[in-house]
Chemist: 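Supplied in structure tokens, the structure appears directly below.
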Amino acid sequence: MTQSTPFRPFETLLDEAAALRILREATAGAEDGELFLERRRSEMLVFDDGRVKTASYNAGEGFGLRAVKGEVAGYAHSTEISEAALTRAAETARLAVGDGGGILADAPQGTNRKLYTDTDPMAGAEFSVKLDTLKEIDAFARGLDSRVVQVSASMAASHQEVEILRPEGTRVADIRPMVRLNVSVIVEENGRREGGSAGGGGRIGLTGLMERAHWEEITREALRIAVVNLAAVPAPAGVMDVALGPGWPGILLHEAVGHGLEGDFSRKKTSAFAGLMGQQVAAKGVTVLDDGTIPGRRGSITVDDEGTPSGKTVLIEDGVLVGYMQDRQNARLMDVAPTGNGRRESFSHAPMVRMTNTYMLGGEAKPDEIVAEVKDGIYAVGFGGGQVDITNGKFVFSCTEAYRVENGKVGAPVKGATLIGDGATAMKQIRAIGNDMALDPGMGNCGKNGQWVPVGVGQPTLLIGGLTVGGSAA
């Protein structure tokens, strides 16, 4: 795919002065608002079981116009970027302002920081080269082990370009690449089939992901997990100690704790952490951050979708709740500063408080010593799907790779293990924090109120006492 001309809506589609006039009319008497313009192009290739299953390319553009007063926001969007469409949208968004009377909030501070390349990741290789890479992955996986019966390799890339115009005349632009390469393997032995998958990516180019050394490594990892699961025995059930591996298991932290620390849930008192600022909400030594400023990471953003530069926000420090994530509207209602967490899925969605890269800092314990402390429990290093109730923090997560641990010794892999608990209690029951903090490989997506955005997670090896493990072992 060749690189297209840059997205410059105020040069090719709209007169900036006219757009600013319409936006100001829509937000007169409002407290905030913006015009968000976006062009996004994406492609997906899936080579499954020896054949091309998906080869898609999508392109779209449009705008969203918002006017905010108090807790109310008027939002209208269109795929047609024109003065006429903008005028119609302004009339709709304006309804939220009513009789006005609001004072426009100060504009976000600017930034010259660049956290990722603005090169179109889809322009790095021709279609045929990408397809050949996926075919090579398929052949390589099958050649590694005669038990491999199915391979699925996928490659995805997107290029998002945004322009944000604010009522005081500020313009903010960002160009956001995203790539991902994944491999899934199914193995069969004695009539039993098991699978494993690995991969990741981030706001980088495709070139590195397509290097043979990289895809060989993730293919071997997918096969390793599948073979481990071939030997898995039914998981035990009961209340027991659980050791969590570093990196991707931070998804439990993201879901069970992170959502509860999004400021809108706290302000509305629908979070288990509402009203607990300054109180001990986790074990001593637990420090949790949300950080959108890590270069190249999947959850990183130079600026959020309101134009606020991303931040590094400490949420829990040494077990004490010290902060929430905020967008502009919620920050104003809570009389605090925005943290750069106003995000939206696309121009057709209004922004809301969302996580970026949420992780726990490492401690001083050695990982092997942490696992050795488990007398009767499991060691979970991979997670699949999960469910969380934000109001009370209760969660259920399924493990994709876990092991039985007895008397400090890691034993057989287990299948069908689920972890059950609530975030507030689990955070207080952390008994050991490893010195091996790691971020996930770049595979997270987060859903909230019907919107999906890319995120990152991370944590060190942890020991949590007294979690409920759901299993099928007698």
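Not measured: the values here are computed from a predicted model. Heavy-atom basis, side chains included; hydrogens, waters and symmetry copies ignored.
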Chemist: Have a look at R39 and tell me which of Q160, E61, E161, E163 forms a side-chain hydrogen bond (donor to acceptor under 3.5 Å, both in side chains) with it.
Modeler: E161
Chemist: So with a 6.0 Å cut-off around CG of D99, is the heavy-atom count from everything else above 12?
Modeler: no
Chemist: Scan side-chain atoms only and decide if S78 and E80 contain a donor-acceptor pair under the 3.5 Å cut-off.
Modeler: no
Chemist: Is E221 salt-bridged to R224, cutoff N-O under 4.0 Å?
Modeler: yes
Chemist: Are any of the side-chain heavy atoms of V97 and T27 separated by less than 4.5 Å?
Modeler: no
Chemist: Looking at every non-hydrogen atom in both residues, tell me the closest pair between E373 and A432 and how far apart they are.
Modeler: OE2-CB, 4.3 Å
Chemist: Shortest non-hydrogen contact from A282 to I316?
Modeler: CB-CG2, 4.3 Å
Chemist: Between D174 and R176, does any side-chain N to carboxylate O distance fall below 4.0 Å?
Modeler: yes
Chemist: With sequence neighbours left out, what residues match I294 under side-chain contact (heavy atoms from CB on, under 4.5 Å)?
Modeler: D291, R297, S300, N357, Y359, L439
Chemist: Search all heavy atoms of K130 against all heavy atoms of A125 and return the closest pair with its distance.
Modeler: CE-O, 3.1 Å
Chemist: If I take atom CG from residue D327 and atom CZ from residue R332, how far apart are they, to the nearest 0.5 angstrom?
Modeler: 8.5 Å
Chemist: Identify whether the distance between the nearest side-chain nitrogen and carboxylate oxygen of K69 and E31 falls below 4.0 Å.
Modeler: no
Chemist: Around atom NZ of K448, are there more than 12 heavy atoms from other residues, nucleotides or ligands closer than 6.0 Å?
Modeler: yes
Chemist: Can E34 and R344 be counted as an ion pair, charged N to O under 4.0 angstrom?
Modeler: yes
Chemist: When you check the side-chain N and O atoms of T54 and S56, is any donor under 3.5 Å from an acceptor?
Modeler: no
Chemist: Can a cation-pi geometry be assigned to R171 and F10, taking NZ or CZ under 6.0 Å from the six-membered ring centre and within 45° of the ring axis?
Modeler: no
Chemist: Does some side-chain heavy atom of C399 sit less than 4.5 Å from a side-chain heavy atom of L419?
Modeler: yes
Chemist: What closest approach, in Å, do A26 and L65 show between heavy atoms, and which atom pair accounts for it?
Modeler: CB-CD2, 3.8 Å
Chemist: I need the full list of side chain to side chain donor-acceptor pair (under 3.5 Å) pairs touching residues 272-285, with sequence neighbours left out, sorted by first then second residue.
Modeler: K284-D318
Chemist: Are any non-hydrogen side-chain atoms of D440 and I251 less than 4.5 angstrom apart?
Modeler: no
Chemist: Not counting sequence neighbours, which residues clear ring-ring contact (aromatic ring centres under 6.0 Å, His included) with F395? List them please.
Modeler: F397
Chemist: Carefully, step by step, assess K366 and D436 under the rule salt bridge (Lys or Arg N to Asp or Glu O under 4.0 Å).
Modeler: CA-CA 8 Å; K366 296 180 180 179; D436 58 342; over 6 Å; no
Chemist: If you compare all heavy atoms of G444 against all heavy atoms of R298, which two are closest, and at what distance to 0.1 Å?
Modeler: O-NE, 2.7 Å
Chemist: How far apart are the closest heavy atoms of A19 and L35, and which atoms are they?
Modeler: CB-CD2, 4.3 Å
Chemist: How many angstroms lie between CE in M122 and CZ in R41, if you round to the nearest 0.5 Å?
Modeler: 4.0 Å
Chemist: Quick check: do S42 and M178 have side-chain heavy atoms less than 4.5 Å from each other?
Modeler: no
Chemist: Please name all residues satisfying salt bridge (Lys or Arg N to Asp or Glu O under 4.0 Å) with E369, sequence neighbours left out, ordered by chain then number.
Modeler: none
Chemist: Using a 4.5 Å cut-off on heavy atoms from C-beta on, say whether the side chain of R328 contacts that of P108.
Modeler: yes
Chemist: With sequence neighbours left out, which residue pairs that include part of residues 238-278 fulfil the ring pair (Phe, Tyr, Trp, His ring centres under 6.0 Å) condition?
Modeler: H254-H259
Chemist: Hey, what do you get for CG (L86) to CD1 (I22), rounding to the nearest 0.5 Å?
Modeler: 4.5 Å
Chemist: Does a side-chain N-to-carboxylate-O contact under 4.0 Å join E71 and R267?
Modeler: yes
Chemist: Would you mind telling me which of T308, D304, D305, D290 makes a side chain to side chain contact (heavy atoms under 4.5 Å, CB included) with N341?
Modeler: D290
Chemist: Is there side-chain contact between L244 and I464, with at least one heavy-atom pair below 4.5 Å?
Modeler: yes
Chemist: Can you find a heavy atom in the side chain of L181 that is under 4.5 Å from one in the side chain of W215?
Modeler: yes
Chemist: Is N182 close to S197 at the side-chain level, that is, under 4.5 Å between some pair of heavy atoms?
Modeler: no
Chemist: Has E217 got more than 12 heavy atoms of other residues, nucleotides or ligands less than 6.0 Å from its CD?
Modeler: no
Chemist: Restricting to salt bridge (Lys or Arg N to Asp or Glu O under 4.0 Å), what partner residues turn up for E83, sequence neighbours left out?
Modeler: R21
